[in-house]
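Everything on this sheet refers to the single structure shown next.
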Amino acid sequence: MTLDESICQPQEMRLHLPYFTAGRVVEGFGRGSKQLGCPTANFPRSVVETLPKDFIPGVYYGWARVDKQPVYKMVMNIGWCPYYNNEQKSMETHILHEFEDDFYGSQLKICILGYLRPEKNFSSLDDLITEIKSDIKNAGEALDDDNCLQFKTHSFFNEC
Ligand code: ADP
Ligand code: RBF
Ligand code: MG
């Protein structure tokens with residue numbers, strides 16, 4: 001089974017996944033995602049602007065590498081965060097690993113493999129956090145599939 005057949009949904013995303021990109025980690029909205037148990041490494045506008053125009057906003061999973069550290073699982077949000085109604089589109093990556101220190105300014109490489117769900121609004125911050133925890137679990141499980149594991153060692157992560 002090819003990657004397209006197994007995990008690239010919705011249909012329109014078949015053209016774009018897997019999607020590889022990289023950039024420096026910048027300061028995000030400073031809302032204390034870290035305190036909520038879900039720090040997100042934000043990409044600069046230059047990286048967000050290179051996304052294809054028809055790349056669907058939503059929650060995605062894939063692999064991530066910070067500088068020369070190992071490649072880890074990641075889950076990310078792409079869009080305007082309806083709960084916060086942001087004016088600018090963002091790409092924020094939560095890496096499924098406990099880092100000892102922040103890594104602002106580091107190079108972050110990601111490979112996006114699959115789509116989990118659209119961005120949603122929530123009636124409380126607790127509901128948003130509960131949904132994010134479920135996303136983390138779903139991403140972790142999806143990435144254990146052989147169709148995803150093969151991308152963990154992709155040469156993209158070793159190129160300078
Ligand atoms: P900001 O609003 O500046 O993005 P966050 O509260 O989202 O702040 O924290 C993000 C920062 O936390 C990242 O830029 C990174 O330096 C650090 N960080 C530590 N652990 C992780 C992790 N597991 N995933 C993503 N970022 C992490
Ligand atoms: N923000 C939303 O407004 N709606 C969402 O459905 C949503 N889903 C997210 C899923 C994941 C896995 C992550 C990491 C973030 C998500 N966010 C969502 C973004 C969240 O609001 C953001 O990380 C914080 O506002 C900090 O910028
Ligand atoms: Mg962030």
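The shortest non-hydrogen separation linking I136 to C38 is CD1-SG, 4.5 Å. Considering all non-hydrogen atoms of both residues, H16 and P52 come closest at CE1-CB, 3.3 Å. Heavy atoms only, all atoms of each residue included: A22 and F156 are closest at CB-CZ, 4.4 Å. Shown here for P57 and G79, the closest heavy-atom pair between the two residues is CB-CA, 4.2 Å. Closest approach of M91 and T21 over heavy atoms only: CE-CG2, 4.1 Å. In plain terms, the two heavy atoms of A41 and L108 that are nearest each other are CB-CD2, 4.1 Å.
Cluster annotation: I112 and Y72 are assigned to the same hydrophobic cluster (Ile/Leu/Val/Met/Phe/Trp/Tyr, side-chain heavy-atom contacts under 4.5 Å, transitive). Cluster annotation: W80 is not connected to F55 through the hydrophobic network of ILVMFWY side chains, with a link wherever side-chain heavy atoms come within less than 4.5 Å. Note: the hydrophobic cluster containing Y60 also contains V48 (ILVMFWY, side chain heavy atoms under 4.5 Å, direct or indirect links). Taken together through direct or relayed side-chain contacts under 4.5 Å among Ile, Leu, Val, Met, Phe, Trp and Tyr, I110 and V26 form parts of separate hydrophobic clusters.
Note: F29 and Y84 fail the aromatic proximity criterion, with ring centroids not under 6.0 Å apart.
Distance check, rounded to the nearest 0.5 Å: CG of D127 to CD1 of I132 gives 11.5 Å. Separating the CZ atom in F151 from the CG atom in L113 is a distance of 6.0 Å, to the nearest 0.5 Å. With rounding to the nearest 0.5 angstrom, the CG atom of N77 is 14.0 Å from the OH atom of Y83. Separating the CH2 atom in W63 from the CG atom in L143 is a distance of 5.0 Å, to the nearest 0.5 Å. If you take SG on C111 and CE on M74, they are separated by 7.5 Å, rounding to the nearest 0.5 Å. Between atom CG of residue N158 and atom NZ of residue K68 there is a gap of 7.5 Å, rounded to the nearest 0.5 Å.
Between F103 and I95 there is a side-chain heavy-atom pair separated by less than 4.5 Å. Put simply, the side chain of K120 does not reach to within 4.5 Å of the side chain of P82, judged on heavy atoms. Using a 4.5 Å heavy-atom cutoff, the side chains of T130 and F122 are not in contact.
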Do Y61 and D135 pass the side chain to side chain contact (heavy atoms under 4.5 Å, CB included) test, and can you show the C-alpha distance, the side-chain angles, and the key distance before you say yes or no? CA-CA 9 Å; Y61 58 85; D135 293 332; over 6 Å; no

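Not a single donor-acceptor pair under 3.5 Å links the side chain of K73 to the backbone N or O of L96. A donor-acceptor pair is defined here as one N or O able to donate and one able to accept, closer than 3.5 Å; no such pair exists between the side chain of E92 and the backbone of N42. A donor-acceptor pair under 3.5 Å links the side-chain atoms of Q150 to the main chain of N147, judged by distance alone. Within the 3.5 Å criterion, the main-chain N or O of P39 finds a donor-acceptor partner in the side chain of H94. A donor-acceptor contact shorter than 3.5 Å links the side chain of K109 to the backbone of E159.
More than 12 non-hydrogen atoms from other residues, nucleotides or ligands lie less than 6.0 angstrom from CZ of R117.
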